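All values below were derived from every heavy atom in this structure, side-chain atoms included, with hydrogens, water molecules and symmetry-related copies excluded. The chains referred to below are lettered A, B, ... by the order of the sequence lines, with proteins before strands, and numbering in each begins at 1. The structure displayed is predicted, hence computed values, not measured ones.
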Protein chains: 2
Amino acid sequence: MPVHLSAPNPADLFPVAGVRLGIAEAGVRKANRKDLTVVLLDEGASVSGVFTQNRFCAAPVQICRDHLGLGLGIRAMLINTGNANAGTGDDGLMRARSTCIALARHLNIAPEQILPFSTGVIMEPLPTDRIEAGLTAALADAQENHWARAAEAIMTTDTVPKAFSAQVQLGGATVSITGISKGAGMIRPNMATMLGFMATDANIDQALMAQLAKDLADASFNRVTIDGDTSTNDSFVVIASNKAAHAPITSFDSEDGRALKAAMLSVAQKLAQAIVRDGEGATKFITIRVEGGQTGEECRKVAYAIAHSPLVKTAFFASDPNLGRILAAVGYAGIDDLDQTLIDLYLDDVHVAVKGGRNPAYREEDGQRVMKQSEITVRVVLGRGAVADTVWTCDLSHDYVTINADYRS
Amino acid sequence: MPVHLSAPNPADLFPVAGVRLGIAEAGVRKANRKDLTVVLLDEGASVSGVFTQNRFCAAPVQICRDHLGLGLGIRAMLINTGNANAGTGDDGLMRARSTCIALARHLNIAPEQILPFSTGVIMEPLPTDRIEAGLTAALADAQENHWARAAEAIMTTDTVPKAFSAQVQLGGATVSITGISKGAGMIRPNMATMLGFMATDANIDQALMAQLAKDLADASFNRVTIDGDTSTNDSFVVIASNKAAHAPITSFDSEDGRALKAAMLSVAQKLAQAIVRDGEGATKFITIRVEGGQTGEECRKVAYAIAHSPLVKTAFFASDPNLGRILAAVGYAGIDDLDQTLIDLYLDDVHVAVKGGRNPAYREEDGQRVMKQSEITVRVVLGRGAVADTVWTCDLSHDYVTINADYRS
């Protein structure tokens, strides 16, 4: 059961002018599943993306990087589930290109104006024939108000579709922002998540897009982890259709720029946190905040050591305030000159450890009370400096093992 | 069920002259459990140890380092289960010292000649009164042939006691080597394991002991992982009682030195591998060998990325040849200039991936056959150089979650 996350109401998702989404059942891996999505962009959209840093990155990720680099103007995205087209060598590249060529023919554009995305099982050949056969139906389905359908069609082990919207006023115009994401396991994004797509009708200079995508990912998808497994296919794409009636944003330091970026970040964080809330087998949503560090990097080292510890994660699953496991993870996080006698630990409002030892005022029942909640904040104070950072994660349950032991069967 | 590991037959464990072990039930955490062990060394033993690199190291680890540094000659070790005396601050140091003082009084030696070890729950005060009350019974029990009893008395979540022996001929004398270890979770030793003790009656110059302990640990305990959680209490101690009738070993480059070290390493590796075979919830013993690296460090990075991936570990549990998960872990192991088109992957004798893609000759049923075995070797060939390294790990099962969700209850 996802933690405080329910399927979006399609009526709550704002359409984005100039962006249409179409869905089909192509039978990529199994029949009778929405598994193919096309996203059609009117001419003139600003587009950028960030992608996995996994050296074994999938064929579509390599093609996306190539096509974005060419700068011909992106006009469509093609997304399939059921098959990740990763670990597939040169044949995988050819197959990804082949699907772009087929869609380009339908749209009368260049194949290099298309970004392909695949997610699913690794190391099996992409069934290009079934994908290409499904394009007609997907294109016929394309509408601006199909974000909720697309959120559903990109799911794999997700149990709930993930889509969020926001609106913001820019120079008298109402600008819409809508995004979707998917992912529930193999999640420890490094630059971007499994799949995340976000569009706005705001006018944003293409020159700002690469940095915008990176900034948004760094403060959202790059701060969540489920199992520490960085996927081969992580991709996060930001689209500005440039349809709204306001003066173009040429800097995010302007008042309008700040308002737009804040609204986009809030959607990106909801999309990223939704992946954790729907984490494979998750029963709890955990915020890990590390304060008092000398650098953001060392705060993140500590936060990820806690977030990835199977012992900490199983203790959360059991609602067991076995908090020594958190201190142990702090200790092995890799800060060589860490002084354990400076460290304080809090569980929500409960002050558990003082200067590296048990707080004399700490009572087991207080820890127990917090551990039973479905949302918990762990706060570690390092006592070394003034920097803080936050990551979000979930617990490790029997269902995680069940889901991943059964995924392909 | 441990993987190919059964309790030692006491008759197979060679006593080590000058080393006596005594056991008691002190009721440290629960009643009616062997939870206290004293190891008594005759005067003149050479002793060294390596300890956890966790910055949150436990009080007894700090005391061990201090006492070994003083060089007064170690005469006894005091080991309790049920309580790790970690995350306990200054009070924990005082309590660990107090138990050393109590044992020193019994033996009429200095407290600094004693090494204390604790293992069990973190962040709870060590019950010194019960430990000190148990000393009389433990001392009365001390005998040279009590290695099997000691192996049992140091267990926590272990299901099987771990003890191994070897003999080697040195200059006409028969030299014995016997060791015990414990540990099943919170296992990713960094310099040493949870608890490992090894003794020989060989004559070894004290000046060689520190490097010997480090070399043995590096090729045994520092090559195993269960859950990637480096404990606060990892300790590995090597003892030479210097009782055997052969010329003292003054270098491990001599013929006798090489023979002795090889025999000691074989015992250390069995002790370390036994911890993995008895890993919490383990159903499979996995050897991960990475070849063709430029350095040992990069081979270990790749091997540990595979060994720590929850997705790889659950696939082993499920006997599912979902081998793309292994390639994904190779990809995120942190080798920045890794070229995926050079990588080959083998599962025992089955050649799964060629140059980063699926081997055309690979058949799913061959992968399935190997995955069903209880001992499996994963071999990754990086194609970057001539260096190789190996780590040992286990799978991730439902029982791991059950054990760690229930540990304290």
Quiz item: Any idea which of B:K355, B:M123, B:H398 has the most non-hydrogen atom pairs under 4.5 angstrom with chain A?
Solution: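 Of the options given, most contacts go to B:H398.
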
Practice problem: With a 4.5 Å cut-off on heavy-atom pairs, point out which of B:L338, B:T341, B:L345 contacts chain A the most. | Solution: B:L338

Self-check item: CG/A:D66: more than 12 non-hydrogen atoms of other groups inside 6.0 Å
Solution: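 Yes, CG of A:D66 has more than 12 neighbouring heavy atoms, counting only those of other groups under 6.0 Å.
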
Quiz prompt | Heavy atoms of other groups near B:E297 CD, more than 12 under 6.0 Å | solution = no

Quiz item: Considering residues at least two apart in sequence or located in another chain, which fulfil the side chain to side chain donor-acceptor pair (under 3.5 Å) criterion with A:T81?
Solution: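 Testing A:T81 for side chain to side chain donor-acceptor pair (under 3.5 Å), a comparison that skips the adjacent residues, returns none.
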
Quiz item: Quick one: what part of B:V352 sits under 4.5 Å from any heavy atom of chain A, side chain, backbone, both or neither?
Solution: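 Contact with chain A: backbone and side chain both.
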
Quiz prompt | B:S397, part contacting chain A, at a heavy-atom distance under 4.5 Å | solution =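 Backbone of B:S397 only, per the 4.5 Å heavy-atom cut-off to chain A.
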
Quiz item: With chain B, which of A:F317, A:F56, A:F316 has the greatest number of heavy-atom pairs at distances under 4.5 Å?
Solution: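 Among the listed options, the one with the most contacts to chain B is A:F56.
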
Quiz item: Are any non-hydrogen side-chain atoms of A:P310 and B:Y400 less than 4.5 angstrom apart?
Solution: yes

Exercise. Any salt bridge (charged side-chain N to carboxylate O under 4.0 Å, His left out) involving residues 329-344 of chain A? Give me the pairs, sequence neighbours left out, ordered by first then second residue.
Key: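 Checked against salt bridge (charged side-chain N to carboxylate O under 4.0 Å, His left out) - neighbours excluded - the pairs reaching residues 329-344 of chain A are A:D337-A:R384.
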
Quiz prompt | Atom group of A:I335 that falls short of 4.5 Å from chain B, counting heavy atoms | solution = backbone

